[in-house]
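Since the structure comes first, as structure tokens, the remarks are kept for the end.
In what follows, every chain begins at residue 1, and chains take the letters A, B, ... in the order their sequences are listed. Computed over heavy atoms, backbone and side chain alike; hydrogens, waters and symmetry mates excluded.
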2 protein chains.
Amino acid sequence: MGIDFSHFVKPNLKIISLHSTTLKFYFCLNMKKYVLFYGLLAFSMLMLFQLSSLAIFKVGASRDWILLVVAVVSIGIGIFYSKAQSSKNQIAEVSDTENLVHYSNSGLTEREYEVLELLNLGFSNKEVGEKLFISENTVKTHVSNLLLKLNAKRRTQAIKNAKDLKIIS
Amino acid sequence: MGIDFSHFVKPNLKIISLHSTTLKFYFCLNMKKYVLFYGLLAFSMLMLFQLSSLAIFKVGASRDWILLVVAVVSIGIGIFYSKAQSSKNQIAEVSDTENLVHYSNSGLTEREYEVLELLNLGFSNKEVGEKLFISENTVKTHVSNLLLKLNAKRRTQAIKNAKDLKIIS
DNA sequence: TGTGATTTCATACTAAAGGATGAGGCCTTA
DNA sequence: TAAGGCCTCATCCTTTAGTATGAAATCACA
């Protein structure tokens, strides 16, 4: 269910994360494209260098102009490359729009899930404790375990990760 | 004006309806940054060219190496530029496609909206400051104003309220 | 030319969050 | 019955968040 059980921080605390096989699969599919892309890139750079030699010796173009052309083309390549990468990331993020993962399949305990839901509603530890009839210290313990399991440094990040993992909505 | 902000304490936080003049204002503000950015870019390119001349005549570096350095640096500039742009465009795309209240109609300023977006992604004040190239103290100021405007006591509550108000997704 | 809005930054302070650790009780299961 | 997971609570400590206040720069608009 999209959970990686391979990372063990504590014996009973498993880090929840997006399944890695999907990414691996995607990577293997695109290896050919990567090789092709970088091969073409290297080839075109070489051609550019050769062209610059031709331009200098046959046409008599100035060195600054050659540099300018190379710089502009390279900036264009950089922008193109960056946009290609970012579009892939966007697709990966949007790709799976399914139902929520039940908390029992999410790696969280029932109590941790309850705490997480209240965090998502914007309550403080104290308020969560009042709503669940437990002490603030207990809430802190749940939140700490929550952060470990969701691989987050802050409650806001935990909420974000949990939403990405479809644990909460 | 979809939101009632009549409970404001500070006089400078009162929201007068924002028109297109506000956008013009921000456009002019950003124009200066653009001019500065491209000016610096052009200047650094010129310096690179001058350095290339020095390298050829004084050090005796080969032309291909110069071209390679220029190309690599330019690709880096392109990637950096593209990423800086895409972060802005992502926010704009999301706000348009998902029928959100535009930040100019939400009572939030553009900067506060940007900060809010990053809070929603789970970043700390320090990380937000690094991403927006401002100090952590400034982020704190923005967050404080954000909390007042969104009638929230915590950032998690601010995120929740902003989502209820369709300011963010 | 002054006023207001925005953005930026700073300092000093309080409140809340988070980390690390230990421990006791409850329940299920091997 | 022993073991392990879960829930509970606590303490000490550090980090982060948030409040209050002042101030300076920029720019639009009246």
If only side-chain N and O atoms of [X] are considered, is one of them under 4.0 Å from the OP1 or OP2 phosphate oxygen of [N]?
| X | N | answer |
| --- | --- | --- |
| Thr109(A) | dC7(D) | yes |
| Arg155(A) | dA17(C) | yes |
| Ser144(A) | dG19(C) | yes |
| His142(A) | dT8(D) | yes |
| Arg111(B) | dT8(C) | yes |

So which protein N/O to nucleotides 24-30 of chain C N/O distances come out below 3.5 Å?
none

Taking only residues two or more places apart in sequence, or in another chain, which ones meet [X] in a side chain to side chain donor-acceptor pair (under 3.5 Å)?
| X | result |
| --- | --- |
| Lys153(B) | none |
| Gln157(A) | none |
| Ser135(A) | Thr138(A) |
| Asn161(A) | none |

Note: Glu112(B) and Asn145(B) closest approach over all heavy atoms is OE2-CB, 3.4 Å
Measure [atom1]/[X] against [atom2]/[N] and give the value in whole Å, please.
| X | N | atom1 | atom2 | value |
| --- | --- | --- | --- | --- |
| Lys153(B) | dA17(C) | NZ | P | 12 Å |
| Glu112(A) | dC7(D) | CD | P | 6 Å |
| Lys140(A) | dA15(C) | NZ | C1' | 10 Å |
| Gln157(B) | dA17(D) | CD | P | 17 Å |
| Lys149(B) | dA5(C) | NZ | P | 10 Å |
| Asn145(B) | dG18(D) | CG | C1' | 12 Å |
| Leu146(A) | dC6(D) | CG | C1' | 15 Å |
| Leu119(A) | dA16(C) | CG | P | 15 Å |

Could you tell me which residues satisfy salt bridge (charged side-chain N to carboxylate O under 4.0 Å, His left out) with [X], sequence neighbours excluded, listed by chain and number?
| X | result |
| --- | --- |
| Glu127(A) | Arg154(B) |
| Lys160(B) | Asp164(B) |
| Glu130(A) | none |

If you define the side chain from C-beta out and look only at heavy atoms, does anything of [X] sit under 4.5 Å from [Y]?
| X | Y | answer |
| --- | --- | --- |
| Leu118(A) | Glu114(A) | no |
| Ile159(A) | Ile159(B) | no |
| Arg155(A) | Asn125(A) | yes |

Rounded to 10°, the angle between the first-five-pair and last-five-pair axes of the helix from dT1(C)-dA30(D) to dA30(C)-dT1(D) is 40°
Result for 5'-nearest mapping on DNA chain C, choosing between Thr156(A) and Thr141(B), is Thr141(B)
query = Got more than 12 heavy atoms from elsewhere within 6.0 Å of NZ, Lys131(B)?
reply = no
Expected list for residues 132-139 of chain A near DNA chain D, using heavy atoms below 4.0 Å, is Ile134(A), Ser135(A), Asn137(A), Thr138(A)
Residue set satisfying side-chain contact (heavy atoms from CB on, under 4.5 Å) with Leu147(B), at least two apart, ordered chain then number -> Val143(B), Ala152(B), Ala158(B)
Expected list for residues 123-131 of chain A near DNA chain C, using heavy atoms below 4.0 Å, is Ser124(A), Asn125(A)
To the nearest 0.5 Å, atom CG of Asn120(A) lies from atom OG1 of Thr156(A) at 11.5 Å
